[in-house]
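So that we are looking at the same thing, I have put the structure below in structure tokens.
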Amino acid sequence: MDNRILRLGKNQTFLLLVTCIAVLVLLNVGIPTSEAQKRGGKLVYAVGTDPYSPAPFVYGGLAGFAVNGAMYNSLLRINTEGKLVPELAERYDIVDNTTYTFTLRKGVVFHDGDTLDADDVVFSLNFYMDKKSGATRGGILRDMLASVEKVDDLTVRLKLKAPNAAVLQILALRDIPIISKEWVEAGHDYRKEYNGTGPFKMVNAVRGEHYQLVRNERYWKKGLPYLDALEFRVIHDPFTRADSVRAGDVDIIDFLPWQEGEAFDQDPRLKTIRSWIIFNAIVLNPKRKPFTDVRVRQALAYAIDRETTNQIGHGGMGLPITGGLLQKGSQWHCPENEGTYTYQPDKARRLLAEAGYPQGVSFDLVLANFAPYLEPWAVVSENLKGVGFQVNVISTDTGGMAELRVNGDYTALWTGTLLIYDDPNALATFYESSGAFYGRAHDFKDPELDELFARGRRTTDFQERHKIYCELERKALEKAYWVFLTWRPNMFGLRADVKGFTKIPGMVSFLTPTTLEQTWLDR
């Protein structure tokens, strides 16, 4: 495998990289080999939020990724080693810096029996670029793709509007799946029905309660999946979820409460998988007072004691965020941006006074009734009150919060989310004018940031890209559109006899549920 192709030239230019005219990258399925896998059985997976998504191409949170990831495939994927590899594409070729061809696998069929071909890929990507589809990544694709063309039945050519170093990472996103052209055009409603190429098929879905899937007997990865059936249950209370695993009623849960981590690790019947990929943040609407003034936004950022927030809100198991989102340990980390926002209440009061609010100011904050938000909010609310912010909490559930985040109807909103792929261009979701979580919601535009994103995508030399994105991160922090708080401890809790459920490393470990196709039960 040529990592220059996967990473687009960490220390070399694009022209040197593409001297290999045709590069074949073989799929690494990541099937565990140290133990003999047992076939059969049903695995029960409890989620803390309803995984319902109106379509597989609409972001439905981590629970939505888990369910849709069991039913759908994308052109590319991230494997268990954290590497970008082909999935529905058997190979890809970089013809030049704006032209890519993808050769599809033969014999892949959708759940309804239709055979995957180039028409499906062309239809899917063009459909997502149509604003009427409501696809979460539609803006990214519109900005990136000049055309999607069928070369022959198993070959697709993508032409980019400009060189884009993140294109392959984007095409591996789980909410850019390939769907059936014939199925959609026959009148099927992708908002109510399911038809993918993935390892499991939906047989029963009751929103807010459960989602029942069975093995796809015609799955294109030979021998997979091992399980006969997969059931997702919605259990909102985190401690009830933990008890359900302990009692043996459930095999895997997401968002294991931090209070349960040590107990799970000490119980030989149980185990945990841990990562720090989801961050808590307060999102500020720069078109609504008082956050039209950058000094008020900065005051809020300086008002928060992130160390205490971590201790009280996450039991000390989280990571305070005083800089940007390009984490320590990542090749993209920007150490010079660390410490941008530390706890400085006097500075926060001074900034509020300079903005014309010497006696403080009030604002509305949307806050979902979700433990990973409410526990740290207990500290943050007192911090804000202490410097003069009067907060009117608008309570909702996680679904209501997500809806408001998308349509922009808020003054301030507490959210938890993540970088959707392992490239600094993932920051575009939050800061670019077409970004799904911010720009489109507010008709927000920051020309300075947009230009840096454009430069970052055009550049393929690693050192130059790193410099551009560190500058972008610094400028975005100064403008304080998003106020980052902490990386939450994200833990899966599971029974010890669940095998093959493997952590995807790095910033994309939220993709761990994609390994359900290779998961088996040792019982």
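All values reported here derive from a predicted model rather than from experimental measurement.
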Indicate yes or no for a side-chain donor-acceptor contact from Arg306 to the backbone of Thr342 under 3.5 Å, with no hydrogens or angles considered. no

May I ask you to check whether Phe279 and Phe484 place their ring centers less than 6.0 Å from one another? yes

Before giving the answer on salt bridge (Lys or Arg N to Asp or Glu O under 4.0 Å), spell out for Asp446 and Lys479 the whole-Å C-alpha distance, their side-chain angles and the decisive distance to 0.1 Å. CA-CA 10 Å; Asp446 187 317; Lys479 297 179 181 186; 2.8 Å; yes

Under the salt bridge (Lys or Arg N to Asp or Glu O under 4.0 Å) rule, what do Lys475 and Glu451 come out as? Steps first, then yes or no, please. CA-CA 12 Å; Lys475 290 183 179 296; Glu451 172 56 26; over 6 Å; no

Interatomic spacing from CG in Leu452 to SG in Cys470 - rounded to 0.5 Å: 11.5 Å

What is the ring orientation for Phe127 with Tyr190, classed by angle as parallel under 30°, tilted 30 to 60°, or perpendicular over 60°? perpendicular

Taking the six-membered ring for Trp, are Phe363 and Phe389 closer than 6.0 Å centroid to centroid? yes

Between Tyr72 and Phe57 (judged by ring centroids, cut-off 6.0 Å), do the two rings come close enough to count as a pair? no

What orientation do Tyr92 and Phe102 show, parallel under 30°, tilted 30 to 60°, or perpendicular over 60°? tilted

Only one of Leu300, Thr308, Ile304 passes side-chain contact (heavy atoms from CB on, under 4.5 Å) with Val380; say which it is. Ile304

Under the salt bridge (Lys or Arg N to Asp or Glu O under 4.0 Å) criterion, do Arg474 and Glu336 qualify, and how do the steps go? CA-CA 9 Å; Arg474 177 179 58 79; Glu336 66 271 27; over 6 Å; no

Evaluate the salt bridge (Lys or Arg N to Asp or Glu O under 4.0 Å) criterion for residues Arg157 and Asp93: first the C-alpha distance (whole Å), next the side-chain angles of each, then the deciding distance (0.1 Å), finally the verdict. CA-CA 10 Å; Arg157 180 187 298 117; Asp93 300 298; over 6 Å; no

Within the side chain of Ser124, is there an N or O that forms a donor-acceptor pair under 3.5 Å with the backbone of Ile179? yes

With no hydrogens and no angle check, is any side-chain donor or acceptor of Tyr373 less than 3.5 Å from a backbone partner on Gly416? yes

List the steps, then state whether ring-ring contact (aromatic ring centres under 6.0 Å, His included) holds for Tyr343 with Tyr302. CA-CA 5 Å; Tyr343 183 43; Tyr302 283 116; over 10 Å; no

Side-chain donor or acceptor of Glu87 paired with backbone N/O of Ser74 under 3.5 Å: yes

Is it true that a side-chain atom of Asn383 and a backbone atom of Asp305 form a donor plus acceptor pair closer than 3.5 Å? yes

Is the distance between the ring centroids of Phe444 and Tyr481 under 6.0 Å? yes

Using 30° and 60° as the class limits, which term best fits the ring planes of Phe501 and Tyr45: parallel, tilted or perpendicular? perpendicular

Quick one: sort the Trp414 and Trp377 rings into parallel, tilted or perpendicular, breaks at 30° and 60°. perpendicular

Describe, in one word, how the ring planes of Tyr431 and Trp482 are oriented to each other, choosing from parallel (under 30°), tilted (30 to 60°) and perpendicular (over 60°). perpendicular

